[in-house]
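Below is one structure, written out as structure tokens; comments come after it.
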Amino acid sequence: MQKKAIIYGLGKRFDENKKLLNHKFSITGYSDQDSKKSEKLEKEEVFIPVENFLAYDFHKIIICGGGMEAKRKIFYKYMDDINWEDIIFLEDIERRHITGEEFKRDLSVYQISNKHTDFAIEENSIYPIVNDIGENADVLDEHYFMQDICVARKILMDNPGRHYDIGSRIDGFISHLLVFRKDITLIDVRPFPLVIDGLDFIQSDAVNLSEIEDETVESLSSLHAAEHFGLGRYGDPVDAEAFFIAMKNFERVLKRGGKLYLSVPCGEKDAVFFNAHRMFSPYTVAGVFSDMKLLKFEAVKDFHVKEVDINDEDALKKLGNYYCGIFTLQKL
């Protein structure tokens, strides 16, 4: 039975994919922020203003235009009634996947060609993965991939006595560091039950760092983590000031001459996208610290890491409204 859907966004992409949408869903109605676009609908097709969604029966809202901004606006309006995961993008539908018929065909070919009894398919051998066929080999998160390499190289060059990290990606940045050093302390509000050679763990509220004494840390990193502090996403207490409190405590625990490697999402102005993350103007981050010197500011953009003069407004504007900013700072 087809799921019922409201289609939001009646632009070019909708025009190109209308047949696909009607094939996959029972369309309850169509919507757009521009009501004039209702003129392109057939007589039997219903135009539904956003404010009237709940008057209709549907399972999904499919975003064909407006991107994440449209999804956020709809969810914010209806968060008490509509689940975030029930608002989906057109590209999620378009993505190639293995159909049931294709899976049965592949299964038959495998069974005919298999000559090893240990690899014979039985009932408990069936484990369909149908979406990977539509992915590219370069499925990478640009920010994490590039920042992890960049900052790991910095620590390799600096070679501190012990390195502390707060909340960075373990299967990226931390694994890079473990290749060339065995004296890393990881701090995270979430539990980490594994025992890994060279990695010590402290489960702690990274905002206050109450377990760390003043001026005891030579080298500290926090990559794409601090923007989440105080938003409750990872079970931490909700506190709108958490990021700013954390930065003061990062500064507090660093030794004189110690270095902080910090990355957060950056853009033209400060913003919060609750409960996912914050975005910062580079000036906001650099201005938080009272006893730190900014040694270098770099931006991850288009799978490149580029040094940028934080005082060059034109250069910052060229980076656009969402990129990863990497701050290398030293305590005076």
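We're numbering straight along the sequence, starting at 1.
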Take Lys317 and Glu313, measure what salt bridge (charged side-chain N to carboxylate O under 4.0 Å, His left out) needs, and give me the verdict at the end.
CA-CA 6 Å; Lys317 285 183 179 179; Glu313 292 185 9; 5.0 Å; no

Is there a donor-acceptor pair closer than 3.5 Å between any side-chain N or O of Lys331 and the backbone N or O of Gly257?
no

Check ion pair Glu215-Arg256 (N to O, under 4.0 angstrom):
yes

Taking Lys104 first and then Glu101, would you say they form a salt bridge - that is, a charged N and a carboxylate O separated by under 4.0 Å?
yes

Could you measure the distance from the CG atom of Leu319 to the NZ atom of Lys301? Nearest 0.5 Å is fine.
7.0 Å

Parallel under 30°, tilted from 30 to 60°, perpendicular over 60°: which one fits the rings of Phe192 and Phe201?
tilted

Using a 4.5 Å cut-off on heavy atoms from C-beta on, say whether the side chain of Leu262 contacts that of Ile326.
no

On a heavy-atom basis, which atom in Ile310 and which in Ala286 lie closest, and how many Å separate them?
CD1-CB, 3.9 Å

Side chains of Val50 and Lys73, heavy atoms from C-beta outward: is any pair under 4.5 Å?
no

Show the nearest heavy-atom pair for residues Ala206 and Ala246, with the distance to one decimal.
O-CB, 4.3 Å

Smallest heavy-atom separation, Ala276 atom then Leu231 atom, equals C-CD1, 4.1 Å

Does the Ser168 side chain pair with the main chain of Asp165, one donor and one acceptor, at a distance under 3.5 Å?
no

Give a yes or no on whether Glu69 atom CD has more than 12 heavy-atom contacts from other residues, nucleotides or ligands under 6.0 Å away.
no

For the pair Tyr144 (side chain) and Phe173 (backbone), establish whether a donor and an acceptor sit closer than 3.5 Å, ignoring hydrogens and angles.
no

Does some side-chain heavy atom of Tyr261 sit less than 4.5 Å from a side-chain heavy atom of Lys296?
no

Path from Ile212 to Phe289 over hydrophobic side-chain contacts below 4.5 Å
yes

Going hydrophobic residue to hydrophobic residue with side-chain gaps under 4.5 angstrom, can you get from Val238 over to Met247?
no

Count the heavy atoms belonging to other residues, nucleotides or ligands that lie under 6.0 Å from CD of Glu102, then report whether that count exceeds 12.
yes

Is there a donor-acceptor pair under 3.5 Å between the side chain of Asp188 and the backbone N or O of Arg190?
yes

Should we say atom CD of Glu213 is surrounded by more than 12 heavy atoms from elsewhere, each under 6.0 Å from it?
no

Is any side-chain heavy atom of Asp148 less than 4.5 Å from a side-chain heavy atom of Met146?
no

Test item: Ser204 side-chain N/O and Ile187 main-chain N/O as donor-acceptor pair under 3.5 Å:
no

Can you find a side-chain donor-acceptor pair between Thr185 and Arg162 that sits under 3.5 Å?
yes

Taking Thr28 for its side chain and Asp57 for its backbone only, find out whether a donor-acceptor pair lies under 3.5 Å.
yes

Measure across Ala242 and Val207 and return the closest heavy-atom pair with its distance rounded to 0.1 Å.
O-CG1, 3.6 Å

If the threshold is 4.0 Å, N to carboxylate O, is there a salt bridge linking Lys259 and Asp158?
yes

Other residues, nucleotides, ligands: >12 heavy atoms within 6.0 Å of Met157 CE:
no

Report yes if the distance between the aromatic ring centroids of Phe243 and Phe229 is under 6.0 Å, otherwise no.
no

Using a 6.0 Å cut-off, check whether atom CZ of Phe47 has over 12 heavy atoms from anything other than its own residue.
yes

Mind checking the CG-NE2 spacing from Asp171 to His176? Nearest 0.5 Å is all I need.
9.0 Å

State whether Arg181 and Asp183 are salt-bridged, where the test is any N-O pair (Lys NZ or Arg NE/NH1/NH2 against Asp/Glu carboxylate O) under 4.0 Å.
yes

Can you check whether Glu42's main-chain N or O pairs, donor with acceptor, with Glu45's side chain at less than 3.5 Å?
yes

Do Lys40 and Tyr30 form a cation-pi contact, if we require the NZ or CZ to be under 6.0 Å from the six-membered ring centre and within 45 degrees of the ring's axis?
no

In Thr328, Leu260, Leu329, the residue satisfying side-chain contact (heavy atoms from CB on, under 4.5 Å) with Leu295 is Thr328

Flag the pair Tyr164 / Leu254 as yes when at least one side-chain heavy-atom distance between them is below 4.5 Å, and no otherwise.
no

Does any part of the side chain of Phe58, heavy atoms only, come nearer than 4.5 Å to the side chain of Ile48, both counted from C-beta?
no

Hphob cluster co-occupancy, Leu223 + Ile155, side-chain heavy atoms under 4.5 angstrom:
yes

Is the closest basic N to carboxylate O distance between Arg169 and Asp141 below 4.0 Å?
no

Is there a donor-acceptor pair under 3.5 Å between the side chain of His277 and the backbone N or O of Pro265?
no

The single option from Lys154, Lys306, Gln147 passing side chain to side chain donor-acceptor pair (under 3.5 Å) against Glu298
Lys154

Working to the nearest 0.5 angstrom, can you tell me the gap between Arg252 CZ and Asp214 CG?
5.0 Å

Supply the atom-to-atom distance Ile170 CD1 to Leu199 CG, rounded to the nearest 0.5 angstrom.
7.0 Å

Smallest heavy-atom separation, Asp32 atom then Gly11 atom, equals OD2-N, 4.5 Å

Please say which of Phe297, Tyr283, Phe280 ends up in a ring pair (Phe, Tyr, Trp, His ring centres under 6.0 Å) with Phe327.
Phe297

To the closest 0.5 Å, what do you measure between NZ (Lys24) and NZ (Lys19)?
15.5 Å

Quick one: does any side-chain atom of Asp270 pair with a main-chain N or O of Ser281 as donor and acceptor, under 3.5 Å?
yes

Might you point out which heavy atoms bring Ile6 and Ser31 nearest each other, and give the distance in Å?
CG2-CB, 4.4 Å

Are His143 and Tyr322 close enough that their ring centers fall under 6.0 Å?
yes

What distance do Leu220 atom CG and Leu209 atom CG have between them, rounded to the nearest 0.5 Å?
7.5 Å

So, the side chain of Gln2 versus the backbone of His23: is there a donor-acceptor pair under 3.5 Å, distance only?
yes

Side-chain contact test, heavy atoms from C-beta onward, threshold under 4.5 Å: evaluate it for Tyr56 versus Val46 and give yes or no.
yes

Is there side-chain contact between Phe89 and Met68, with heavy atoms separated by less than 4.5 Å?
yes

